[in-house]
Participant: 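Please find one structure pasted underneath; my questions will follow.
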Amino acid sequence: MNQAKSHFRSELAIIPPVAGAIAVLVFALMQIGLLGVLPRYAKDLPPMPWWALISLCGGIVVGIIILLVGYVNADSKRRGMISLLWTLFVIFVPKGLGFIAYFLLRKPLLIPCPNCGTEIGSDFRYCPKCGHALTPTCSHCGRSISFGYACCPYCGKSVAATATS
Ligand SMILES: [Zn+2]
Ligand SMILES: [Zn+2]
C-alpha cells in the first residue's frame with residue numbers, strides 16, 4: 001500500500017512544472033469566464049450554487065486532463081517513444097481513447113546499462129553502445145539462457161562460466 005503510494009507520487013513528480021502552471025491558469029480562467037463573465041450574458045443558466053459547482057468540477061476535470069497530457073509527454077520521453085507524436089495523439093483523440101491507447105501501447109521503461117549507464121530498452125540482450133551482454137548467452141551456440149543454468153538447454157554443453165551480471 002505504502003509502496004504503491006510512493007510509486008504514484010514519484011510518477012506524479014515527472015509531470016513537467018509547465019503543465020502544472022497551465023492547468024492552474026486554465027482552471028482560474030475557466031472560473032472567471034464561467035462564474036464572472038458568462039452569467040451577465042446568458043440568462044438560462046442553472047441557479048448559482050449549482051452553476052458554481054458545475055464550473056468547479058469542469059475546471060478540475062480540464063486541469064486533470066492537462067496534467068495527464070504533461071505526464072504522457074514526460075513519460076513517453078523517458079521510454080524512448082516519439083514524445084511529440086504521443087502528446088498530440090492523446091490531445092486530439094477524443095473521449096480519453098488516446099490516453100487508453102497510450103497506456104496500453106507504451107513501451108517498458110528504459111533501464112541503465114550496468115556497464116556504461118546508457119539508457120536502454122528492458123528487452124535488449126546487448127547494450128547498443130558498449131556491447132555489454134545483459135542476459136547470459138551460451139558460449140557455444142550463442143542463444144540466450146537464464147542465470148543459474150549449468151548446461152545450455154539448446155545445445156547441451158556446459159555453460160557454468162558464461163553467466164554475466
Ligand atoms: Zn553499455
Ligand atoms: Zn548452447
Side-chain angles (χ1 to χ4, degrees), residues 1-30 56-165:
M1 182 68 193
N2 252 351
Q3 204 178 354
K5 213 178 223 176
S6 74
H7 176 72
F8 181 66
R9 210 170 276 173
S10 68
E11 286 297 295
L12 280 186
I14 74 161
I15 295 176
V18 63
I22 294 172
V24 170
L25 189 71
V26 169
F27 178 82
L29 287 176
M30 277 182 72
L56 193 70
C57 292
I60 290 171
V61 168
V62 171
I64 288 173
I65 291 172
I66 293 169
L67 291 179
L68 260 175
V69 169
Y71 175 81
V72 166
N73 180 269
D75 186 58
S76 56
K77 216 172 275 173
R78 68 176 177 166
R79 288 167 194 269
M81 299 162 71
I82 306 165
S83 179
L84 180 67
L85 195 77
W86 278 105
T87 305
L88 294 175
F89 182 78
V90 296
I91 291 173
F92 290 110
V93 174
K95 293 180 183 169
L97 288 176
F99 288 104
I100 293 169
Y102 174 76
F103 285 107
L104 288 177
L105 297 175
R106 67 180 181 175
K107 288 187 191 172
L109 270 180
L110 300 178
I111 52 163
C113 165
N115 190 44
C116 71
T118 306
E119 300 265 280
I120 50 178
S122 59
D123 57 341
F124 286 11
R125 285 172 59 189
Y126 295 93
C127 170
K129 194 159 188 194
C130 71
H132 182 75
L134 301 157
T135 52
T137 50
C138 171
S139 56
H140 302 283
C141 69
R143 299 177 79 163
S144 71
I145 54 174
S146 293
F147 290 106
Y149 279 9
C151 296
C152 172
Y154 303 103
C155 69
K157 301 237 168 70
S158 168
V159 290
T162 59
T164 52
S165 59

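Values in this document were obtained by computation on a predicted structure and should not be read as measured data. Order of listing sets the numbers, starting from 1, for every ligand and every atom in it.
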Participant: Name every donor-acceptor pair, under 3.5 Å, that has one atom in a side chain of residues 85-92 and the other anywhere in the protein, sequence neighbours excluded.
Facilitator:
{"unit_1": "T87", "atom_1": "OG1", "unit_2": "N73", "atom_2": "ND2", "d": "3.0"}
{"unit_1": "T87", "atom_1": "OG1", "unit_2": "S83", "atom_2": "O", "d": "2.7"}

Participant: Which atoms of the protein, restricted to N, O or S, are nearer than 2.8 Å to the Zn ion (ligand 2)?
Facilitator: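 Only C138 SG, C141 SG, C152 SG, C155 SG fall inside 2.8 Å of the Zn ion (ligand 2).
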Participant: Is the shortest side-chain N to carboxylate O distance from E11 to R78 below 4.0 Å?
Facilitator: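 Salt bridge: yes.
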Participant: Do V62 and F27 have side-chain heavy atoms sitting under 4.5 Å apart?
Facilitator: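 With C-beta onward as the side chain, the pair stays apart.
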Participant: Could you report the tightest heavy-atom contact between L134 and P114, atom names first, then the distance?
Facilitator: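 L134 and P114 have their closest heavy atoms at CD2-CD, 3.5 Å.
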Participant: From the Zn ion (ligand 1) out to just under 2.8 Å, does an N/O/S atom of C127 turn up?
Facilitator: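 Short answer: yes, at least one N, O or S atom is under the cut-off.
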Participant: Only to 10 degrees, please: what angle do the SG atom of C113 and the SG atom of C130 make about the Zn ion (ligand 1)?
Facilitator: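 Between SG of C130 and SG of C113, the angle at the Zn ion (ligand 1) is about 110°.
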Participant: Report the C-alpha separation of F99 and V69 in whole Å, then their side-chain angles, then the decisive distance to 0.1 Å, and conclude whether the side-chain contact (heavy atoms from CB on, under 4.5 Å) test is met.
Facilitator: CA-CA 8 Å; F99 288 104; V69 169; 3.7 Å; yes
Participant: Between Y154 (side chain only) and I145 (backbone N and O only), is there a donor and an acceptor less than 3.5 Å apart?
Facilitator: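 Checked: no pair found.
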Participant: Do you know the tightest heavy-atom contact between G70 and A19?
Facilitator: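 Smallest heavy-atom distance, with atoms named: CA-CB, 3.9 Å.
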